Peer 1: 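Pasting in a structure now, in C-alpha cells, and then I'll have a few things to ask.
The model shown is predicted, which means the values in this text are computed figures rather than measured ones. Numbered from 1 within each chain, the chains take letters A, B, ... in sequence-line order.
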Amino acid sequence: MSGHSTYEPKTGFERWLDSRLPILRFAQDTMVSFPTPKNLNYWWTFGGILAMMLGIQIVTGIILAMHYVPHVDYAFNSVERIMRDVNYGWLVRYTHANGASMFFLAVYVHMFRNLYYGSYKAPREVLWILGCIIYILMMGTAFFGYVLPWGQMSFHGAVVITNLIGAIPLVGPSITTWLWGGFAVDDPTLNRFFSLHYLLPFVIAGVVGLHIWALHVPGNNNPTGVEVKSKEDTVPFHPYYTVKDGFAISVFLILYASFVFFMPNVLGDAINYVQANPLQTPLHIVPEWYLLPFYAILRAVPNKLMGVVAMGGALITLFVLPWLDTSKVKSMRYRPTARLYFFIFILACLVLGVCGAHAPDDLVIPGFSGLQFLDANINSYVWLSRIGALYYFAYFYVITPLLGLTETPLPVPDSISTPVLSHPASAPTGAAASPEKRG
Amino acid sequence: MLRKGFAVAALGLAVLAAPLAGTAVAATTQAEPTEQAWSFDGPFGKFDKEQLQRGYKVYREVCSACHSMNLMYFRNLGQKGGPFYDPKYPNPNDNPVVKSLAHDIQVKDVDTDTGDVVSRPATPADKFPAPFANEYAARASNGGALPPDLSDMAKAREGGPNYIYSLLSGFKQPPAGLKLDPGKYYNPWFPGDLTGSWHGAKDKVPEGGAIGMPPPLTDGKVTFDDGHPSKIKDEARDVAAFLTWAAEPKMEERKSFGVGALIYLLIFSILLWFSYKKIWKNVAH
Ligand code: HEM
C-alpha cells in the first residue's frame, strides 16, 4: 500500500489484470513481500490471531443465524434446538460463544503489547485509534450477542446496561425508550439487537481493513521501538511471518479447542441457561468477564451519571493516549521505571475485573470486618474498585505524562540490526539480542 | 518522585479510614456442593447408560409429578449416547424400548375429526408432557413456589450434578431456633438468607435456605430394574446423572470430537514449529 511495489506480473493474464485492477499486486505487496522487522516476538502474533477470530465469529455466526429465532418466546428454545437437534449445532454454538472470549483475550494481549512497546506513538496514532474503534465495536457486538440467547443474564444484563443511558439528564429516558422500541426490554429490543449483532462484525471487518492499511504505511513497530532503518532490518512477511503467525495461531487454537470441547460453559454464567423472566431478577447481575473492569469502574462511582461518565472516560482515554505520552523512547524495554508502572497497571485492570465480578458490598478479605469509610466499608469491593479506577486514570493522566519527562531511559540501540554492537557496555544483554525468547 | 507520591496517597487513604467503625453485612449463603466421582468427568468421560436408565426412572416416577422437561422428546432417550440407545435402531423412533416408555405416558392431542382435546399414549416423537397446564397451576399446587423446568438444570446451577445431588440428598431437620413457614423445608445447599427466620445467636445463622420443594426422595422410593440399591443417595446420584445427560445430550460426541481435534492441532503445531525453525535458520534476529 505504500513504498515500492515489488510485484512483477508473470503471465499475460496477470499483466492484463494488473493494468485494470491491480488486486494481485495489492495482495503481493500486503501479504507476501511486505517488509517486516525481523525481530518481532510472539506478542506480535496476536494481530493474525485476531483476524482469524473475526473470521471464525463471522462464519459460525452466520450458521447460527440460520437456525436462531429472534423472538422473546422462541429465542431461548431455538438456541437449545441448535445444541440438541441441529447436526453439529453444539460445535457451532460453543465455538461462537467461546470465540467471543478468545477474541477478547487476544485483543487484550494485543493492546497491552501496544502499550508496552509504545506502538501507539507517532507515526502510528491513527493505527492505534482505529484499533480503539475496533475494540469499542467489539464490546458493542459482544453485548448485543449476549442478549440473543434470552437467558436470565441476557435479559437482566440488557436492562442494566440500557438503563445506564437513562442516567443522561433530560433526554436520557427518551433515548432509552427509543432504543428499547417500547417501555421495557422486550421483543422489539431483541429484534434490533439481533440486527445490530449481525451488522457490527462487518463494520469491524471494514475498520480492520483501515487498520491494516494504516499499519502498512509506517510499517510494524518492533520490540526495540526503533524504526526500521534499512533493508537489513526486515524480512518479507511471507514466508517468515506467515509461518511464525501460523505456529502461534495453531497453539492458540489448542487453548480455544480445550474450552470448546472440554469446558464450554466455564466462562459463561450458569443462570443464562434459565430462560429470561422479567419478573425475577438474579441475585448478582454480572457481564461477561471481558467487560468486568469497565463494570467495576461504573459501580465505583456512587452517582449513576458520573459512573457512566467514568466508564466512558476510561475508553475515551485510550484515544488520546498518543498525546499524553511524553516519552521519546517507545519501547519499555529501555524504560525500567515505566515498566514497573505498566505492570501495576495490568494488575489494576485485573483487580478491577475481580471487583466487577463481586457484589460491591462483599468483603475483599473475608472475616476482616473492616472499617466504614465515607459511604462504604473500606474492606469492600467498592473501595477496591475505587483504588483500581484511580490508578487506571492516574496511569494515563499523571504517570504517563510525568514519567516521560522525569525518567532516565536506558541507552536505545541505533537500529534493529545492531542493538548490542553499538552499546556493548550498557545494552541489557540477551534481552535485545534474542527478542523472541522473551515472548 | 511518582513512587513516593503513590505511597503517600495510599497512606492518606488508610489514615482517613481509621476512625470509622465497621459494619456486618447479611448475605445469601449455601453449602459447597459435595463432589462426586462421575463417569462423565474428564476429557474421556462417558455416561453410564445403566445409571441414566435408573435416573430416568427416578425422574419419571418422582420428579415428573412436579417438574417439566420441556426440551426433551421421548425419541431423545433412544438417540446415540442416550440411556436406551440401541445400535440396532439408529432411528430412535423405531426403538421398541423407547416406544413402550413413551406408550406408558398419556399426552394431550386434538381429535382431528371433532376438534376435541383428547388424551392418547405418547409416541417417541412427542415431548415429555408437563405436569401442570401453566405456571399458575404449578404454583398453586406447590405453596406458591414454582418447580423449575429440569431440561437444562444441570447447566443452570453452579456445581451442576454435584449441586443437584447435594440438594436432593441434603434435606435436614431445621436446627432449633429456625422457624420456617409451612411448606418450606430447610436445605443447607439451597441458596438463601435465613437471618429473618432465625431466632438463635446472631452470628450462628444456619447456612443455606428454605426451599419450597418437599424432600422428594426416600430410601427405596424407586425400585430399580437392575437391582441396584436405592438409598436416597443412590437415587439422587442417578437422577443427577440423568439430568446431566438431558442438559448436554451431545457431551460424549463433543468430547470424542475434541480429543481428535486436539491431537490434530498438536501435530499441526509441531510441524509448524519445525517449519518455523527451518525458515528462520539463516536470519539473525
Ligand atoms: C478485530 C480486532 C483487530 C484485528 C483483527 C487487528 C489486526 C491487526 C493486525 C493483523 C496487526 C498487524 C501487526 C500484528 O500482528 O500485531 C495489527 C497491528 C496493530 N493493532 Fe490491531 N487488530 C485488532 C484490534 C486492535 C485494537 C483493539 C487495538 C488497540 C486499541 C489495535 C492496535 C494495533 C496497533 C497499534 C498495531 C500496530 C502494532 C505494531 O505493529 O506495533 N488493534 N492489528
Peer 1: How long is the span from the CG atom in B:L71 to the CE atom in A:M83, to the nearest 0.5 Å?
Peer 2: 10.5 Å
Peer 1: By a 4.5 Å heavy-atom criterion (distance strictly below it), what part of B:P43 contacts chain A: side chain, backbone, both, or neither?
Peer 2: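 Contact with chain A involves both backbone and side-chain atoms of B:P43.
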Peer 1: Against the six-membered ring of A:Y273, is B:K155 placed for a cation-pi contact (under 6.0 Å from the centre, within 45° of the normal)?
Peer 2: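 Positive - B:K155 is close enough to the ring of A:Y273 and near enough to its axis.
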Peer 1: Classify the angle between the aromatic ring planes of B:W273 and A:F247 as parallel (below 30°), tilted (30 to 60°) or perpendicular (above 60°).
Peer 2: tilted
Peer 1: Heavy-atom distances under 4.5 Å only: say whether B:S256 touches chain A with side chain, backbone, both or neither.
Peer 2: neither
Peer 1: Is a donor on one side and an acceptor on the other found under 3.5 Å between the side chain of A:R84 and the backbone of B:A246?
Peer 2: yes
Peer 1: Any idea which heavy atoms bring B:G258 and A:F261 closest together, and the distance?
Peer 2: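 Heavy-atom minimum between the residues: CA-CG, 3.3 Å.
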Peer 1: In terms of heavy-atom pairs under 4.5 Å with chain A, which of B:S275, B:P191, B:S269 leads?
Peer 2: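 Counting heavy-atom pairs under 4.5 Å, the top option is B:S269.
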Peer 1: Evaluate the ring planes of B:W280 and A:Y240, with Trp represented by its six-membered ring, and classify them as parallel (under 30°), tilted (30 to 60°) or perpendicular (over 60°).
Peer 2: perpendicular
Peer 1: Nearest 0.5 Å, what's the CD1-CG distance between A:I249 and B:L265?
Peer 2: 11.5 Å
Peer 1: Could you tell me which non-hydrogen atom of B:R254 sits nearest to which non-hydrogen atom of A:V260, and how far apart they are?
Peer 2: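 Reported closest heavy-atom pair: CD-O, 3.7 Å.
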Peer 1: Working to the nearest 0.5 Å, report the span between CG of A:L91 and NZ of B:K250.
Peer 2: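 The CG atom of A:L91 sits 11.0 Å away from the NZ atom of B:K250.
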Peer 1: Can you tell me how far apart OH (B:Y276) and OG (A:S250) are? Round to the nearest 0.5 Å.
Peer 2: 14.5 Å
